[in-house]
Amino acid sequence: MTEIRHEAVAATETRRLAAGHEIDAHRHDDHQIVYAGRGVLAVTTDAGSWVAPGTRAIWVPAGTVHAHRAYGELELHFVGLPATENPLALGTPTVLAVGPLLRELIIAYTRDEDDDSPERSRLRAVLLDQLRASPQQPLHLPTPTAPLLREVCAILQADPADGRTLRELGRTVGAGDRTLSRLFRADLGMTFPQWRTQLRLQHALVLLADRMPVTSVAHACGWSSASAFIDAFRRAFGHTPGSHRDGP
């Protein structure tokens, strides 16, 4: 991220993006909640990436340099909040669960222009209450800083279906599996299997947004069977990949 656009105010609005469209690196003085009512949204910073389907929103704190990318036809809903108001007390980007009520509140709040009417103030208050109660989701894929990890992670990002063990990958980059295992915990805060699962789940969301069949997605992301993929996907997102592909 070299050229960083500065936007003083994080707008509250709805925006439609074509598949593959990107919003370049920028930052806001305000906090922002970003929700994809349709399609899959990826938010990227120097620290990693967060991918959210229609049952998730992404909290982006004020001052965070970030970029957006659309997978599938994307309908984005942005809710801006003053930097002095942090209802979630979160200082880093975070994925939040979005239930049916919160989904409708976000859509309704971003559909109309900002005004000071009592009705809109009440709608905003309920929306913030629902956000405070929204469970946080561990859907962050951190970016490694250690050179050896960068090599290993680049191999898997190029082919998430690569099923080699950490020992086998270590032989490719010239490092032992114990060394790499320690680096994953120290540098990324998770184990190698946890990181690889996060990578595969994010890749699966992208492929599903492109309407790829569930069985093909399972194999493209490295699961041994469609049933194993469906089980992992349901544990992570609360619904099956088939229902996700058909929209929230």
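Owing to the predicted nature of the structure, the values given are computational and were not obtained by experimental measurement. The chain is numbered in sequence order, starting from 1.
If you take CD on Glu13 and CZ on Arg111, they are separated by 15.5 Å, rounding to the nearest 0.5 Å. Note that the OG atom of Ser134 and the CD1 atom of Ile33 stand 9.5 Å from one another [nearest 0.5 Å]. The CG atom of Leu17 lies 5.0 Å from the CD1 atom of Ile23; values are rounded to the nearest 0.5 Å. We find the SG-CG distance between Cys221 and Leu208 to be 8.0 Å, quoted to the nearest 0.5 Å. Taken from CG in Leu127 to CD in Glu104, the straight-line distance is 11.5 Å, to the nearest 0.5 Å. Between Ser216 atom OG and Leu207 atom CG the span is 9.5 Å, to the nearest 0.5 Å.
Arg196 has its side chain within reach of Leu156: a pair of non-hydrogen atoms, C-beta onward, lies under 4.5 Å apart. A 4.5 Å side-chain heavy-atom check between Phe78 and Thr12 finds every atom pair outside the cut-off. By the 4.5 Å heavy-atom criterion applied to side chains, Leu149 and Leu188 are counted as neighbours. Counting only heavy atoms from C-beta outward, the side chains of Pro93 and Trp59 never approach each other to under 4.5 Å.
Contact detail for Ala236 and Leu201: the closest heavy-atom pair is CB-CD1, 3.6 Å. Smallest separation of non-hydrogen atoms from Asp30 and Pro82: OD1-CA, 3.9 Å. The two residues Ser49 and Gln202 come nearest to each other via the heavy atoms OG-OE1, 3.2 Å. Of all heavy-atom pairs between Ser225 and Ala218, the closest is O-CB, 4.0 Å. Taking every heavy atom of both residues into account, Leu166 and Ser181 meet most closely at CD2-N, 3.7 Å. The shortest heavy-atom contact between Val51 and Ala42 is CG2-CB, 4.0 Å.
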Any chance you could lay out the side chain to side chain contact (heavy atoms under 4.5 Å, CB included) test for Val34 and Leu41, step after step, and finish with the verdict?
CA-CA 9 Å; Val34 191; Leu41 166 71; 3.3 Å; yes
Under the side chain to side chain contact (heavy atoms under 4.5 Å, CB included) rule, what do Leu180 and Phe192 come out as? Steps first, then yes or no, please.
CA-CA 8 Å; Leu180 291 173; Phe192 168 65; over 6 Å; no
Start with the C-alpha distance between His203 and Gln198, add both sets of side-chain angles, then the distance that settles side chain to side chain contact (heavy atoms under 4.5 Å, CB included), and finish with yes or no.
CA-CA 9 Å; His203 190 56; Gln198 290 287 82; over 6 Å; no
Quick one: do Gln136 and Leu96 satisfy side chain to side chain contact (heavy atoms under 4.5 Å, CB included)? Show the steps, please.
CA-CA 5 Å; Gln136 299 175 27; Leu96 305 170; 3.8 Å; yes
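Remark: the backbone N or O of Pro61 is not paired with any side-chain donor or acceptor of His31 at under 3.5 angstrom. No donor-acceptor pair under 3.5 Å is formed between the side chain of His26 and the backbone N or O of Val65. With Thr179 contributing its side chain and Ala175 its backbone, the two residues share no donor-acceptor pair below 3.5 Å. Judged by distance alone, the side chain of His219 and the main-chain N or O of Val217 form no donor-acceptor pair under 3.5 Å.
Cation-pi geometry between Arg120 and Tyr109 is met: under 6.0 angstrom from the ring centre, within 45 degrees of the axis.
Applying the salt bridge (charged side-chain N to carboxylate O under 4.0 Å, His left out) test to pairs two or more places apart or on separate chains, those with a residue in residues 47-70 are Glu22-Arg69. Within the structure, salt bridge (charged side-chain N to carboxylate O under 4.0 Å, His left out) contacts touching residues 169-191 (residues at least two apart or in different chains) are Arg167-Asp177. For residues 141-159, there are no salt bridge (charged side-chain N to carboxylate O under 4.0 Å, His left out) pairs, not counting sequence neighbours. Applying the side chain to side chain donor-acceptor pair (under 3.5 Å) test to residues at least two apart or on different chains, the pairs with a partner in residues 73-85 are Thr14-His77, Arg16-Glu75, Glu75-His77, His77-Thr110, Glu85-Arg124. For residues 219-231, the pairs satisfying salt bridge (charged side-chain N to carboxylate O under 4.0 Å, His left out) are Asp231-Arg235, with sequence neighbours left out.
Residues satisfying the ring-ring contact (aromatic ring centres under 6.0 Å, His included) test with Phe229, not counting sequence neighbours, are Trp223, Phe233.
Using modelled atom types, one finds a donor on one side chain and an acceptor on the other under 3.5 Å when comparing Thr191 with Gln194.
When the side chains of ILVMFWY residues are joined at heavy-atom separations under 4.5 Å, either directly or via intervening members, Phe237 and Met212 end up in a single hydrophobic cluster. By the rule that hydrophobic residues join a cluster once side-chain heavy atoms approach within less than 4.5 Å of another member, Ile107 and Leu76 end up as members of separate clusters. When hydrophobic clusters are built by joining Ile, Leu, Val, Met, Phe, Trp and Tyr residues whose side-chain heavy atoms come closer than 4.5 Å, directly or via intermediates, Val40 is grouped together with Ile230. Follow the hydrophobic side-chain contacts under 4.5 Å out from Val126 and you reach Leu123 in the same cluster. Residues Met190 and Leu169 fall within the same hydrophobic cluster, defined by Ile, Leu, Val, Met, Phe, Trp and Tyr side chains chained together at heavy-atom separations under 4.5 Å.
His21 has its ring centre no less than 6.0 Å from the ring centre of His68.
In summary, of the residues considered (Leu141, Thr94, Thr44, Thr45), a side-chain contact (heavy atoms from CB on, under 4.5 Å) with Trp50 occurs for Thr45 alone.
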